[in-house]
Engineer: 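Here it is, the structure, as structure tokens.
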Amino acid sequence: MEKFEQYRSDLAERIKEAPKEERKNILEEAQKTDEYLEAREEKKRAAAVRVKRIQEIKTELKENDDNARKNENAAKLEKIEPNDERTWK
């Protein structure tokens with residue numbers, strides 16, 4: 001588990017265990033700490049990396065799909081004989 005995930009998990013557990021009237025104060029105090037801010041930034045960076053990787057995968061899949069379609073169409077064209085009547089329609 002990454003540092004930010006552990007910190008956020010521990011904080012969430014602390015807030016859940018606290019009496020309801022104290023929860024808001026615990027969160028507000030935590031938000032003022034460097035550790036909280038660092039965890040938040042680390043989470044944003046991790047999310048950005050995931051988004052970038054997802055975009056890369058989508059691009060790869062699209063390229064693979066485009067190449068597969070080109071190969072499929074090329075195979076269909078190879079099957080058509082030059083004198084095939086479908087060629088001239």
Engineer: Would you call Thr59 and Glu63 a side-chain contact if the rule is heavy atoms closer than 4.5 Å?
Structural biologist: yes

Engineer: Salt bridge or not for Glu35 and Arg8, using N-O below 4.0 Å?
Structural biologist: no

Engineer: I need the minimum non-hydrogen distance between Gln31 and Leu37, along with the two atoms involved.
Structural biologist: O-CD2, 3.8 Å

Engineer: Do you know the tightest heavy-atom contact between Tyr36 and Ala30?
Structural biologist: CB-O, 2.8 Å

Engineer: If I take atom CD from residue Glu17 and atom CD1 from residue Ile26, how far apart are they, to the nearest 0.5 angstrom?
Structural biologist: 9.5 Å

Engineer: So, taking the atom named CG in Asn64 and the one named CD1 in Ile57, what distance separates them when rounded to the nearest 0.5 Å?
Structural biologist: 11.5 Å

Engineer: Do you see a donor-acceptor pair shorter than 3.5 Å between the side chains of Glu29 and Asn25?
Structural biologist: no

Engineer: Check this for me, if you would: do Lys62 and Asp66 make a salt bridge, where the nitrogen-to-carboxylate-oxygen distance has to be below 4.0 angstrom?
Structural biologist: yes

Engineer: Check the pair Glu56, Arg53 against side-chain contact (heavy atoms from CB on, under 4.5 Å), reporting the backbone distance first and the verdict last.
Structural biologist: CA-CA 5 Å; Glu56 289 171 353; Arg53 183 61 188 135; 3.2 Å; yes

Engineer: Do Glu41 and Lys44 have side chains that get closer than 4.5 Å, going by heavy atoms?
Structural biologist: yes

Engineer: About how many Å separate CD1 of Ile15 and CD of Glu22, when rounded to the nearest 0.5 Å?
Structural biologist: 11.5 Å

Engineer: To check you understand the geometry: which heavy-atom pair defines the closest contact between Arg23 and Lys16, and what is its length?
Structural biologist: NH2-O, 3.3 Å

Engineer: List the steps and the verdict of side-chain contact (heavy atoms from CB on, under 4.5 Å) for Val49 and Lys52.
Structural biologist: CA-CA 5 Å; Val49 168; Lys52 183 178 180 185; 5.8 Å; no

Engineer: Just verifying a value: how many Å separate Glu42 CD and Tyr7 OH, rounded to the nearest 0.5 Å?
Structural biologist: 12.5 Å

Engineer: Say you draw a straight line from CG of Asp10 to CD of Gln6; how long is it, rounded to the nearest 0.5 Å?
Structural biologist: 4.5 Å

